[in-house]
Amino acid sequence: MTLTFFNTLDRRRQEFKPIHEGKVGLYTCGPTVYNYAHIGNFRAYMFEDLLRRTLKFFRYDVTQVMNLTDVDDKTIRDSRKAGLPLREFTGKYIRAFFEDLKVLNIEPAEFYPAATDHIPEMIEMIRILMEKGFAYQAEDKSVYFSIDKFPEYGKLAKIDRENQLSGVRIRNDEYAKDSVADFALWKAWDEADGDVAWESPWGKGRPGWHIECSAMSRRYLGDSFDIHTGGIDNMFPHHEDEIAQSESVSGRKWVNYWLHCDHLMVDGDKMSKSLNNFYTLRDLLDKGYKGREIRMVLLGAHYRKKLNFTFEALDQAREALRKFDDFFRRLREVQVPGAADDATKKILADALNAFSSGLGDDLNISEGMAALYDLQRELNKRIEGGTLSAEGAEAALALFREFDRVLGVLQVDASAEAVPEAVKTIAEARQAARKNKDYAASDRCRDELKALGYVVEDIPGGGYRIKAL
RNA sequence: GGCGUGGUGGCCGAAAGGUUAGGCGGAGGUCUGCAAAACCUUAUAAACCGGUUCAAUUCCGGUCCACGCCUCCA
């Protein structure tokens, strides 16, 4: 089983080789907590969850760090607008963020460092950069990183500085910097910051955005680690700047594999408030969709491709999951005695193989899911034909549990919801009417059940089954 | 303007230089009092124009379209 990733660093697929045998250090850019995260944000977190789960599926011991950006222009601006202290303001959205992660069944990372809890680490890094001559304090008292001092600048985004600058207008307020592309490590305090400020060797102020990630990854993962991920739009300048800072501090290669996920679109357009296609997770839950249905949609496309989010896709996901639920129930009900036959063992082994090679191939989720559907069809045939034994069914269920360690959307062992007595009574009455061939009465019972939100399915042999709609 | 990604059947979405992706939906059938579920069968494709090749949806070039980054938006 090999694991291959498309590394943005050189735009090629590469076999994954961790720094430390069997272990993976993973840094994932987290949310800026100034509002509820929207489903576009969650596409990235879902991709990172799939990555994390796949690494674990391949038996790696994963240490994931996801930062919480709780101090920046937006958090400061909006907390002041709300008339709340920064921490109180961001706390609300941090709590919401964790609730949302739970709804989507996203596995928790090992560390969720908040920027405001790591100011000393950031100051320390800036101090080293100053000492080594990579940074300077400008007239405006802010500290900037001088990209002229880092010749490899642009190696991730493949940005040629000459080209890049030719198209960018130089703004008047950037006069303080030596070069327009230099970025802030430490921002000197100004009016707009209110009471948000920390003391530093360069005066009162707050950290720049990029240094947050560099400092927190260094604290929890060291000077070099395996994988850094994020949305494609953070590739430049954010990730490029992180590389410049981190590698200048340590003098070593910082990250071995960079993985970037593409955007989520809604109805073919970029999500925006003006198009009225801007959804938070909560908006979708309010419309009656379940977390796992949304997760299923978000899992639907390869992470490096744009994912078009539609309500039709949500409905399709719901249907596919319903069929799985039904399928697992049928597997659990298999009564045929005997051990699993070789042919069954083989299709299970083949499915595991196909699933693993799909996921191992740069997280090709579509191939992985195809393996599940193929297996489902094969097993259905066996159930239908009565050739699947209870032991075979149990082996199949165990395999689907294994798949779900990666997917996190199946409910292999979901117990049926308790059916109210009233419903049972009507269903029983219907069965009695059917036995008497009073089909008009039988159909009336079915209508009553439907009104209560239940359907009844007859099983060959005289039994029936009640299901919630 | 510079750089980059992509356009696959009604919808979603893979792989591969020649051999069925898969899912949802549709059609026909088996089963059923009817229905549902399940199973079987099946149809629908590769933006456009050139080129390379015995063979291209798959490689190359161009056109059109969409999207992204260059403006601290995943």
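Here is the naming used below: chain letters follow the sequence lines, and residue numbers restart at 1 for every chain. Keep in mind the model is a prediction, meaning the values are calculated, not measured.
- A salt bridge does not link A:Glu428 to A:Lys424: none of the charged side-chain nitrogens sits closer than 4.0 Å to a carboxylate oxygen.
- For the P atom pair drawn from B:C39 and B:G23, the interatomic distance equals 10 Å after rounding to whole Å.
- You'll find that the side chain of A:Asn41 is closest to B:A74, out of B:G23, B:C34, B:A74.
- Distance noted for atom P between B:U19 and B:U44: 16 Å (whole Å).
- Taking atom C1' on both B:A45 and B:C11, the two are 13 Å apart, rounded to the nearest angstrom.
- A:Lys323 comes within 4.0 angstrom of the backbone, heavy atoms only, and of no base.
- With ring centers used as reference points, A:Tyr279 lies under 6.0 Å from A:Phe311.
- Residue contacts shown for A:Arg446 include a base, since a base heavy atom lies under 4.0 Å away.
- Looking at heavy-atom distances under 4.0 Å, A:Asp233 makes contact with a base.
- Ring-to-base geometry does not place A:Tyr373 in a stacked arrangement with B:G22 (centre distance under 5.5 Å, plane angle under 30° required).
- Below 30°, between 30° and 60°, or above 60°: for A:Phe145 and A:Phe183 the angle between ring planes is below 30°, a parallel geometry.
- When rounded to the nearest whole Å, the span between CG of A:Leu314 and P of B:G13 equals 13 Å.
- B:C48 and B:A56 are spaced 15 Å apart, taking the P atom of each and rounding to whole Å.
- Across all strands, A:Glu457 comes closer than 4.0 Å to base atoms (heavy-atom distances).
- Taking atom CD of A:Gln316 as the reference point, atom P of B:G26 lies 11 Å away to the nearest angstrom.
- Among the protein residues, A:Asp458 comes within range of the nucleic acid bases, having at least one heavy atom under 4.0 Å from a base atom.
- Using a 4.0 Å heavy-atom criterion, one finds that A:Val297 contacts no nucleic acid atom at all.
- Taking the P atom of each, B:A21 and B:A43 are spaced 11 Å apart, rounded to whole Å.
- Put simply, A:Lys381 has a side-chain N or O that comes within less than 4.0 Å of OP1 or OP2 on B:C40.
- Ring pair A:His238/A:His210 is tilted by interplanar angle, where 30° to 60° counts as tilted.
- Among the heavy atoms of the strands, none lies under 4.0 Å from A:Met235.
- Across all strands shown, A:Ile383 has no heavy atoms under 4.0 Å from either base or sugar-phosphate atoms.
- When the P atom of B:C70 is taken as reference, atom CG of A:Asp241 falls 11 Å away, rounded to whole Å.
- Atoms CG (A:Asp325) and C1' (B:C24) sit 16 Å apart, rounded to a whole Å.
- Counting any heavy atom pair closer than 4.0 Å across all strands shown, A:Lys467 reaches no nucleic acid atom.
- For A:His302, taking side-chain heavy atoms from C-beta onward, the closest of the listed nucleotides B:A14, B:U5, B:C73 is B:A14.
- Residue-level contact check: A:Ser442 touches the bases, meaning some heavy atom is under 4.0 Å from a base atom.
- The distance from atom CG of A:Asp361 to atom C1' of B:A21 is 14 Å, rounded to the nearest whole Å.
- Using a 4.5 Å heavy-atom threshold, the side chains of A:Tyr303 and A:Leu50 count as separate.
- Taking all atoms of both residues into account, the shortest heavy-atom contact from A:Gln411 to A:Phe328 is O-CD1, 3.8 Å.
- Here the side chain of A:Phe236 is nearest to one of B:C70, B:A37, B:C73, namely B:C70.
- Base contact: A:Gly40 has a heavy atom under 4.0 Å from a base atom.
- Here the P atom of nucleotide B:A37 and the CG atom of A:Leu321 are 16 Å apart, to the nearest Å.
- Checking B:G23, B:C34, B:C70 against every side-chain atom of A:Ala320, the shortest atom distance belongs to B:G23.
- Within the 3.5 Å criterion, the main-chain N or O of A:Val71 finds no donor-acceptor partner in the side chain of A:Arg206.
- Taking the C1' atoms as reference points, B:C67 lies 15 Å from B:A47, given to the whole Å.
- Rounded to whole Å, the P atom of B:A55 lies 26 Å from the corresponding atom of B:U63.
- Atom CD in A:Glu293 sits about 14 Å away from atom C1' in B:C24, given to the nearest Å.
- A:Pro31 comes within 4.0 angstrom of nothing in the nucleic acid, heavy atoms only.
- Relative to the side chain of A:Leu307, the nucleotides B:G23, B:G25, B:G13 differ in distance, and B:G13 lies closest.
- Looking at the side chain of A:Arg322, the nearest of the listed nucleotides B:C34, B:G22, B:A37 is B:A37.
- The side chain of A:Asn380 has B:C39 as its nearest neighbour among B:C39, B:G25, B:C69.
- Across B:G13 and B:C65, the matching P atoms stand 23 Å from one another, rounded to whole Å.
- A:Arg434 comes within contact range of at least one nucleobase, with a heavy-atom separation under 4.0 Å.
- Atom pair A:Tyr464:OH and B:U32:C1' shows a separation of 18 Å (rounding to whole Å applied).
- Ring centroids of A:His239 and A:His260 are separated by less than 6.0 Å, placing the two rings close together.
- Contacts of A:Asp374 with the nucleic acid, taken as non-hydrogen atoms under 4.0 Å apart, involve only primed sugar atoms and P, OP1 or OP2.
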